[in-house]
K.L.:
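After the structure tokens below, expect a handful of questions from me.
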Amino acid sequence: MNIPFLDLKKQYREYEKEILDRLPGFLADQKFILGEEVRLLEDEVAAVCGTDYGVGVSSGSDALIISLMALGIQRDDVVVTTPFTFFATAGAISRLGAVPLFCDIDPVTYNLSPERLDDLLTAEIEDHGNTRIKAVIPVHLYGQCCDMNDILTLTEKYGLSVIEDAAQAVGTEYATAEGIKQACGMGDCGILSFFPSKNLGAFGDGGMVLTNDGELADKLRLLRVHGSINKYFYETLGGNFRLDALQAMILRVKLKHLNGWIEGRMEKAAYYDRRFQESGLTNKGVQTPAAVFKGCGVTRHHTYHQYVISAPRRDELQAFLTDRGVASAIYYPLCLHQQKCFADLGYKTGDFPEAETAAGEVLALPIYGEMTEDQQEFIIGTIEEFYG
Ligand SMILES: *Cc1c(COP(=O)(O)O)cnc(C)c1O
């Protein structure tokens, strides 16, 4: 058996015809920069996320940078985030000359811990009078929302901006006091990545910033085109952060399938959950992903961008799976506070015990709607064999 980590070729067959039907018209138009396709995609994605505005940009990483810029984050400002995320979350902060301030995670969900955030903000702001803290970037890791109710209570208390990093969580729901919201619809803005392997992937790079704030949306659009309203007259320092019209056209086709793909992932996850239980693997120390908001009145409590187990002797298990033809991945093997490029921030190993423990135990298994039951059984069987 040979089970790829993700099978985009199989997925492509489902919508190939729709792309090929639209391509001649698109090419005949020769309109590649912003325009109608981008505008329509922005509206359609905003509708999916339950926000008023969407601003298409060049990548998820750029979506983070342009969001920080639009919120006025400047050199030496401090932005709080998790050390257990993809590099870009903290990289974006540093790229602007601002300073990432890391906060440990919840060991069950791997998301930013509201309790640790409370401790951190109390210590920094109330005890040390740190007035440089301006924003928080909660990351909805693997497809499950952070505990936004508790996080937003804290950010409101201290007057901090919130950028939701929803690169892995398009379409995930969360129950707030004001009703059910989608990832990206709870902070000042939220960002998506259209990197090909994400749940909604382009044929290259792309991203989007979503917001309910019309002024912020205007700023984002301005910054996206070098800060110019009238061509060759510049109001503010922006950059080229545009989403290609070609990617927008492709994403508009794929967006119509997103619901089905999310449902497929959730079904596969439920199957894994059940089989890990039945096989007794959960009694041998293997932990399946905790869907903590299941039953909170939302149907999409977790959209499983990744199905991540926590496994004893993780590296040996991964090698064993590789040997048997089962691909897997580690998101993420080294926390951000331990990365060489962030050495000047002055952190050391031991600073964020939960994040560091997670980095040593997590293993992402193949998950996509196109997987077969045979493939999932083979994976469970191989893991059973490993633990004897
Ligand atoms: C993928 C990802 C990004 C960056 O997205 P790109 O489109 O690859 O630049 C940012 N944050 C998280 C959590 C991601 O998973």
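We count ligands from 1, going down the list as the structure has it; atoms in each ligand are counted the same way.
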K.L.:
Return yes if a side-chain donor-acceptor contact under 3.5 Å exists between Gln144 and Tyr174, otherwise no.
P.N.:
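Judged by distance alone, the side chains do not pair up.
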
K.L.:
Can you find an N/O atom of Lys198 closer than 3.5 Å to an N/O atom of ligand 1?
P.N.:
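Indeed, backbone or side chain, Lys198 has an N or O that close.
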
K.L.:
So which heavy atom in the protein is nearest atom 10 (C) of ligand 1, and how far is it from that ligand atom?
P.N.:
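So the nearest neighbour among protein heavy atoms is Asp165 OD2, 3.7 Å.
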
K.L.:
Assess the residue pair His302 and Phe293 against the criterion (ring-ring contact (aromatic ring centres under 6.0 Å, His included)); give the C-alpha distance rounded to whole Å, side-chain angles, the decisive distance to 0.1 Å, and a yes or no.
P.N.:
CA-CA 8 Å; His302 198 321; Phe293 303 120; 9.7 Å; no

K.L.:
Nearest protein heavy-atom contact for atom 15 (O) of ligand 1: which residue, which atom, what distance?
P.N.:
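For atom 15 (O) of ligand 1, the nearest protein heavy atom is Gln168 NE2, 2.8 Å.
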
K.L.:
Would you mind listing which atoms of ligand 1 come within a distance below 4.0 Å of any non-hydrogen atom of Ala167?
P.N.:
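Close to Ala167: 2 (C), 3 (C), 10 (C), 11 (N), 12 (C), 14 (C), 15 (O).
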
K.L.:
Do me a favour and list the nearest non-hydrogen protein atom to atom 3 (C) of ligand 1 with residue, atom name and distance?
P.N.:
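For this ligand atom, the closest protein heavy atom is Phe86 CD2, 3.5 Å.
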
K.L.:
Hey, which atoms in ligand 1 end up nearer than 4.0 Å to a heavy atom of Val139?
P.N.:
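So the atoms of ligand 1 that pass are 13 (C).
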
K.L.:
Out of the candidates Glu37, Glu36, Glu42, only one should pair with Arg39 under the salt bridge (charged side-chain N to carboxylate O under 4.0 Å, His left out) rule; please name it.
P.N.:
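When salt bridge (charged side-chain N to carboxylate O under 4.0 Å, His left out) is applied between Arg39 and each of Glu37, Glu36, Glu42, only Glu36 qualifies.
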
K.L.:
At less than 4.0 angstrom from any non-hydrogen atom of Thr89, what atoms of ligand 1 do you find?
P.N.:
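Near Thr89, meaning under 4.0 Å from one of its heavy atoms, ligand 1 has 11 (N).
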
K.L.:
Will you find, in the side chains of Glu18 and His257, an N or O donor that is under 3.5 Å from an N or O acceptor?
P.N.:
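The criterion, which ignores hydrogens and geometry beyond distance, is satisfied for His257 and Glu18.
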
K.L.:
Ligand 1 and Ile191, any nitrogen or oxygen pair closer than 3.5 angstrom?
P.N.:
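It does not: no N or O of Ile191 is found under 3.5 Å from an N or O of ligand 1.
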
K.L.:
If we set the cut-off at 4.0 Å for heavy atoms, which region of Ser61 has an atom near ligand 1: side chain, backbone, both, or neither?
P.N.:
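Answer for Ser61: both.
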
K.L.:
Go through the side-chain N and O atoms of Thr211 and Thr51 and say whether any donor and acceptor fall under 3.5 Å apart.
P.N.:
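Side-chain D/A pair, Thr211 to Thr51: absent.
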
K.L.:
Answer yes or no: does an N/O atom from Ser193 fall short of 3.5 Å to an N/O atom of ligand 1?
P.N.:
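The answer is yes, given that Ser193 and ligand 1 share an N or O pair closer than 3.5 Å.
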
K.L.:
Short question: side chain of Tyr142, backbone of Tyr331 - any donor-acceptor pair under 3.5 Å?
P.N.:
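Such a contact is found between Tyr142 side chain and Tyr331 backbone.
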
K.L.:
Could you check whether atom NZ of Lys10 has more than 12 heavy atoms from other residues, nucleotides or ligands sitting under 6.0 Å from it?
P.N.:
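Correct, the count exceeds 12.
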
K.L.:
If you measure every N/O of Thr85 against every N/O of ligand 1, is any gap under 3.5 Å?
P.N.:
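Checking ligand 1 against Thr85, no N or O pair falls under 3.5 Å apart.
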
K.L.:
Between Arg324 and Phe320, is NZ or CZ placed under 6.0 angstrom from the six-membered ring centre and within 45° of the ring axis?
P.N.:
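Output yes; distance and angle both within limits.
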
